Amino acid sequence: MALSDAQLAHIATHLHACQQQNRDTHKVTDDYPDMTWEEAYAVQERIRADKLASGARVIGYKAGLTSHAKMKQMGVVDPVFGFLVDAFQVEDATAIRVDDLIHPKVEPEIAFVTRHELKGPGCHVAAVLAASDVVMPGLEVIDSRYRDFKFDLKSVVADNTSAARFILGKHAVDGRTLDLRTAGVVFEKNGEPIAFSAGAAVLGHPAAAVAMLVNHLGRRGQTLPAGSIVLSGGITEAVAVAAGDEIKLHIQGMGSVSVRFT
Ligand code: OOG
Ligand code: MG
């Protein structure tokens with residue numbers, strides 16, 4: 001049974017309200033078990049339209065569940081895509097109030113900023129690198145609106161892939177001057193390293209996640225505009241945070257980025 005426009009609008013309004021009011025909910029597919037991928041992305045697009053209508057600007061996109069560590073942590077097998085608005089961005093080395101969120105987790109990512117528009121289908125790693133002005137270390141703060149972070153892929157797509165906040169490092173480098181596959185990643189919580197990895201943990205090359213995003217947009221008749229920020233996906237498992245915690249990410253050749261929670 002296909003969902004009506006009224007049902008899609010109802011789901012979008014509910015999930016958006018949960019985000020704005022920091023409250024959790026049960027997953028969408030509990031109510032609509034036959035929801036399709038198209039319907040899940042249609043809900044996400046309605047949330048985006050609501051945000052734009054209230055003055056937000058889309059400044060980029062995110063790929064999620066692009067590493068084995070994240071897929072295993074969340075029990076899923078396919079990448080997902082979401083959008084980023086200006087209100088999600090937080091300055092490097094500043095603080096986020098946990099009371100503004102439901103149950104935040106933080107994950108280390110490689111972020112891209114594009115110089116040229118990118119179009120799919122047929123986008124690939126080299127096209128992404130050719131269009132990428134710079135790369136930098138990024139922290140994504142995810143905050144699934146679903147109780148206990150328990151969801152399936154369609155539910156998480158409808159919920160804009162748990163997007164909540166992100167922080168970019170201030171040291172930007174030309175992505176073509178580094179081997180993003182072998183760039184070493186050190187992820188720290190409260191001064192202790194908690195995970196080590198390398199860029200290749202994301203689909204073999206983090207630019208592959210950007211290419212997948214561009215091909216996903218292409219299937220929907222959209223392009224990735226010049227100047228977009230793209231988060232290529234958590235490299236390691238996401239870590240839960242509470243007030244008092246500090247998270248820091250170092251990526252070889254790309255400097256570091258940090259955030260505190262109060
Ligand atoms: C879904 C979002 C995943 C990533 O980088 O893998 C994501 C979630 O785990 O809540 O942003
Ligand atoms: Mg992420």
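These numbers come from the heavy atoms of this one structure, side chains and all, not from hydrogens, waters or symmetry mates. Only a predicted model underlies this, so the values are computations on that prediction, with no experimental measurement involved. Counting begins at 1 with the first residue of the sequence.
To the nearest 0.5 Å, atom CG of residue Asp143 and atom CZ of residue Phe149 are 6.0 Å apart. Atoms NE2 and CG, on His205 and Leu180 in that order, are 4.5 Å from each other to the nearest 0.5 Å. Glu109 contributes atom CD, which lies 5.0 Å from atom CG of Leu231 (distance to the nearest 0.5 angstrom).
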Self-check item: Phe112/Val134 under side chain to side chain contact (heavy atoms under 4.5 Å, CB included): CA gap, chis, key distance, verdict
Solution: CA-CA 6 Å; Phe112 292 73; Val134 290; over 6 Å; no
Practice problem: Please report the C-alpha distance between Leu3 and Ile11 in whole Å, then the side-chain angles of each, then the deciding distance to 0.1 Å, and finally whether the side chain to side chain contact (heavy atoms under 4.5 Å, CB included) criterion is met. | Solution: CA-CA 10 Å; Leu3 297 182; Ile11 300 166; 4.0 Å; yes
Practice problem: Show the numbers, then the answer: is there a side chain to side chain donor-acceptor pair (under 3.5 Å) between Gln19 and Lys51? | Solution: CA-CA 11 Å; Gln19 189 228 309; Lys51 286 200 179 291; 2.8 Å; yes
Exercise. Just do the salt bridge (Lys or Arg N to Asp or Glu O under 4.0 Å) check on Lys248 and Glu192 with the steps written out, would you?
Key: CA-CA 9 Å; Lys248 195 161 188 174; Glu192 300 278 339; over 6 Å; no
Self-check item: Test log, rule side chain to side chain donor-acceptor pair (under 3.5 Å), inputs Gln222 and His216
Solution: CA-CA 9 Å; Gln222 299 171 18; His216 161 82; over 6 Å; no
Quiz item: Which is it for His26 and Asp31 under the side chain to side chain donor-acceptor pair (under 3.5 Å) test, yes or no, and what are the steps along the way?
Solution: CA-CA 9 Å; His26 59 275; Asp31 297 335; 3.0 Å; yes
Exercise. Step by step, work out the side chain to side chain donor-acceptor pair (under 3.5 Å) result for Thr223 and Glu117.
Key: CA-CA 7 Å; Thr223 63; Glu117 181 184 52; 2.8 Å; yes
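Counting heavy atoms of neighbouring residues, nucleotides and ligands inside a 6.0 Å radius, atom CZ of Arg181 does not exceed 12 of them. Applying the 6.0 Å contact sphere to NZ of Lys189 captures more than 12 heavy atoms from other residues, nucleotides or ligands. Crowding of Lys150 atom NZ: a count of heavy atoms from other residues, nucleotides or ligands under 6.0 Å not exceeding 12.
Leu65 pairs in a side-chain contact (heavy atoms from CB on, under 4.5 Å) with only one of the listed residues (Asp78, Thr161, Leu153), which is Leu153.
With a 4.5 Å cut-off on side-chain heavy atoms, Phe166 and Leu139 do not count as touching. A 4.5 Å side-chain heavy-atom check between Val58 and Leu52 finds at least one atom pair inside the cut-off.
With salt bridges taken as basic N to acidic carboxylate O contacts below 4.0 Å, one links Glu38 and Arg220. Here Arg46 pairs with Asp5 in a salt bridge; the nearest charged N to carboxylate O distance falls below 4.0 Å. Salt-bridge annotation for Lys154 and Asp152: absent, with no side-chain N of the basic residue lying under 4.0 Å from a carboxylate O of the acidic one. The existence of a salt bridge linking Lys105 and Glu107 is excluded, since no basic side-chain nitrogen approaches an acidic carboxylate oxygen closer than 4.0 Å.
Annotation: cation-pi geometry not satisfied between Lys62 and Phe83 (NZ/CZ under 6.0 angstrom from ring centroid, within 45° of ring axis).
In terms of heavy atoms, Lys27 sits closest to Ser155 at CB-OG, 3.5 Å.
A donor-acceptor distance shorter than 3.5 angstrom exists from the side chain of Gln73 to the backbone of Ala238, with no hydrogens or angles considered. The main-chain N or O of Ile102 is never found under 3.5 Å from a side-chain atom of Asp24 such that the two would form a donor-acceptor pair. Between the side chain of Asp159 and the main chain of Arg145, a donor-acceptor pair closer than 3.5 Å is present. Within the 3.5 Å criterion, the main-chain N or O of Ala56 finds no donor-acceptor partner in the side chain of Asp86.
No hydrogens or angles considered: a donor-acceptor pair under 3.5 Å links the side chains of Asp245 and Asn190.
By the 30° and 60° cut-offs, the orientation of the rings of Trp37 relative to Tyr41 is parallel.
Remark: Ser54 pairs with no residue by the side-chain contact (heavy atoms from CB on, under 4.5 Å) rule, at least two apart or across chains.
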